[in-house]
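Remarks on the structure that follows.
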Amino acid sequence: MSQGLDRYHRQMLLPGFGEDGQARLGHAKALLVGCGALGSIIADSLCRAGVGCLVIADRDVVELTNLQRQVLFDERDAAEATPKAEAARRKLSAINSQVRVDAVVDDVNHTNIERLADGCGVIVDGTDNFETRYLINDVAVKHGVPYVYGGAVGTVGMCYTILPHTPGGDAPWERIGRATPDLRDLFDQPPPPGSTPTCDTAGVLGPAVGVVAHLQAAEAIKVLLGAFEAVNPKMVHVDLWANTIRQFDVAAAYGAGDGVCSKQRRFDYLNGARGSGVTSLCGRNAVQITRPDRPAGPIDFDRIADRLRAHGDVRTSRFMLRANLTDGGEPYELTLFTDGRAIVKGTDEPATARSIYARYVGA
Amino acid sequence: MIYLDNAATSFPKAPSVAETVAGFLASAAANPGRSAHRMAVETERRIDDVRLRLTRLIGGDDPRRMIFTLNGTDALNIAIKGALAAEPDGAHVVATVVEHNSVARPLRALADAGRVCVTWVDCDEQGHVDPADIAAAMTDATRLVVMIHASNVTGAIQDAAAVGRVVRAHGALFCLDAAQTIGLLPIDVDAMNVDLLAFPAHKALLGPPGVGGLWVGPRCDPVMRPWREGGTGGDSSSPAQPVEWPHRLEAGTANTAGIIGLGAALKRPIEGRLAHERELRRMLMDRLEGDGRFAVVGPRDSGRCVGVVSLNVAGSDPHDVAAILDDSFDIAVRAGLHCAPGVHRRLGTFPAGTVRASFGPFNTEADVDRLAHALDQIA
């Protein structure tokens with residue numbers, strides 16, 4: 001056995017893995033977007049498995065309420081408010097020093113994602129919001145990079161691997177007929193702001209995240225090994241409270257949809273046209289977040305207010321919802337307007353404001 | 001969309017501006033003064049025509065004294081830093097608390113560098129500065145007085161002619177920031193004893209962004225230094241920046257497309273614009289005054305104002321009010337400090353600032369009505 005591969009003995013025993021497979025992993029690079037609950041488990045798995053280079057991007061710092069499920073972090077990280085990407089890098093380098101970990105403490109957006117994804121054999125989803133997921137989807141389809149989608153909230157979670165259709169139709173997974181529909185084939189638009197629950201408002205069961213994250217990690221390993229025949233073409237849905245595991249065949253979505261990304265090759269999120277805007281409000285320690293489009297229906301202030309009441313004082317009027325939240329010991333005032341825009345007071349950092357929006361409003 | 005943010009930039013622009021800029025870029029965008037071919041000569045001719053019309057607009061006689069700049073801020077930086085560059089450390093400058101950051105920050109930077117000391121003259125409760133206070137602030141060391149002609153926050157128009165008289169009597173240079181008044185108020189640099197007049201093209205002149213102007217009077221000739229040197233087209237053999245106007249302050253390729261767009265905007269007469277804005281301001285004031293839910297900051301008398309109304313809704317953050325106006329009523333206004341923190345400190349609206357509605361020539365009484373109605377709903 002080659003030097004340095006001893007530690008991978010148990011996984012190299014697996015059929016189709018072997019030293020060759022391990023060497024392939026060792027030369028592979030993966031981008032992990034978001035290093036919270038899903039991301040820290042995925043990072044831990046991929047690092048232990050010996051993926052050569054992990055790029056881990058996350059804009060947040062570790063908070064005490066993360067420790068219930070975000071396995072890479074500890075109380076010291078929370079006390080020191082260490083950026084998650086950096087805390088992950090430190091832990092992972094102690095777990096497996098053979099793996100190179102690039103920690104990126106930044107908002108992943110249309111200006112930087114192509115650079116981050118450069119040379120990556122897979123992009124794995126550890127995000128908490130749909131805007132970033134649609135952005136990842138654009139990059140994945142544009143550059144023909146597999147994207148492992150995942151999400152968990154409450155006691156449910158989903159995992160789905162996008163092996164994108166490419167213009168030449170000759171990606172390794174296409175040659176064996178395994179391309180899958182992408183996010184915009186499935187749902188042309190992300191859900192409107194505030195219409196989906198978030199972990200920060202609806203709660204989340206740690207093991208539900210674990211199940212999804214390990215499904216994602218397994219898919220990512222298959223992708224990096226080139227074992228596309230083993231990649232699950234179906235969307236997996238688990239509910240650990242209702243005790244259900246379901247799989248949805250979504251293959252028809254590619255033929256049925258407009259194929260904005262996959263057929264028209266239009267990448268609205270990546271070219272910046274569909275992203276939310278952020279404006280620091282002069283001298284106010286506040287950031288305004290605006291949506292590119294007015295949502296189809298009015299935002300349901302009452303529903304969002306119900307979810308936010310556990311976090312602080314919430315008031316609504318015809319025109320706006322105002323919530324005074326405490327997050328990581330810091331007070332924030334979140335004001336949401338009927339078109340989905342919000343003013344986040346308590347920070348002048350766009351990344352922090354985006355994070356507050358993603359976690360408390362959602363989508 | 002009802003656009004009430006004309007103090008930030010006017011919208012829409014004069015009808016022919018977009019067409020003229022597009023036509024120029026498509027057919028004739030040569031670099032003026034650099035080459036002798038016909039297209040360059042024609043561009044230069046068109047630029048010089050705009051220079052002449054701007055000069056006439058402000059009562060100047062020699063168009064070579066009209067410098068094209070990038071915007072109002074650029075013009076003010078060139079004026080302030082250029083006029084003080086030759087002074088020894090410790091020169092005294094007088095400005096007012098109502099200045100925009102485009103004056104306040106250059107002066108602060110010069111003060112921090114030990115180059116100047118600045119006296120900030122107070123205003124009254126409605127935002128007006130007393131020319132006698134300017135006179136009182138001046139010392140033997142005073143070299144420059146800088147004042148905004150009308151506040152972008154309150155709309156208050158200062159008595160620039162009276163200030164010009166006291167500054168001229170003292171002997172210092174007088175720099176007037178006409179960002180909110182050019183294209184609205186008659187300006188006569190001779191009659192008002194102005195030595196440096198700085199302004200942008202994109203506000204009441206209804207021109208495009210990216211162009212400003214600085215008129216430099218003859219009293220500046222001995223002291224004025226460029227703070228940017230470079231190519232000017234003529235006299236390339238000289239190692240030093242030429243001292244002739246406008247080349248002394250005009251290094252680098254100008255925004256020719258923007259200047260020619262401004263030229264198109266200048267064909268529209270300015271008569272009647274101020275009266276129109278004031279009438280709209282009066283209408284809005286009539287609806288707000290006496291209603292305890294609203295606090296208007298600045299002059300009660302619209303006759304001493306440009307068409308700007310700064311207000312607060314009791315119990316509401318100005319940014320929230322602006323967001324609701326945009327979101328629920330499709331009305332564009334600006335909220336906050338409007339880059340002029342001094343006047344807010346003075347008038348008690350710091351740090352939240354105000355909601356500012358600012359009118360332009362294309363606004364109507366119906367727009368004011370819609371705004372007043374929306375504010376009534378929000379309050």
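Here is the naming used below: chain letters follow the sequence lines, and residue numbers restart at 1 for every chain.
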Next item on the list: Kindly write out the residues that satisfy side-chain contact (heavy atoms from CB on, under 4.5 Å) with B:Ala204, not counting sequence neighbours, or none if the list is empty.
Entry: B:Leu184
Notebook entry, point to check: Who are the side-chain contact (heavy atoms from CB on, under 4.5 Å) partners of B:Asp320, not counting sequence neighbours?
Noted result: A:Met320, A:Arg322, A:Thr335, A:Phe337, A:Ile343, B:Asp317
Item checked: Contact residues of residues 372-379 of chain B (partner chain A; heavy-atom separation under 4.5 angstrom) -> B:Gln377, B:Ile378
Margin query: Going by the rule side-chain hydrogen bond (donor to acceptor under 3.5 Å, both in side chains), which residues pair with A:Glu131 if we only count those two or more places apart in sequence or in a different chain?
Written below: A:Ser276
Notebook entry, point to check: Is it the case that more than 12 heavy atoms not belonging to B:Arg287 sit under 6.0 Å from its CZ atom?
Noted result: yes
Next item on the list: Tell me, yes or no, whether the heavy-atom count around A:Arg266 atom CZ, taken from other residues, nucleotides or ligands under 6.0 Å, exceeds 12.
Entry: yes
Checklist line | Contacting region of B:Ala335 [heavy-atom separation from chain A under 4.5 Å] | finding: neither
Notebook entry, point to check: Would the number of heavy atoms belonging to other residues, nucleotides or ligands and lying under 6.0 Å from CZ of B:Arg108 be above 12?
Noted result: no
Next item on the list: Please confirm whether the backbone N or O of A:Thr338 pairs with a side-chain atom of B:Asp327, one donor and one acceptor, at under 3.5 Å?
Entry: yes
Note to self: Is it true that, when you exclude B:Phe362 itself, more than 12 heavy atoms of the residues, nucleotides or ligands shown sit nearer than 6.0 Å to its CZ?
What the structure shows: yes
Check: B:Ala323 and A:Gln288: which non-hydrogen atoms are nearest, and at how many Å?
Finding: CB-OE1, 4.2 Å
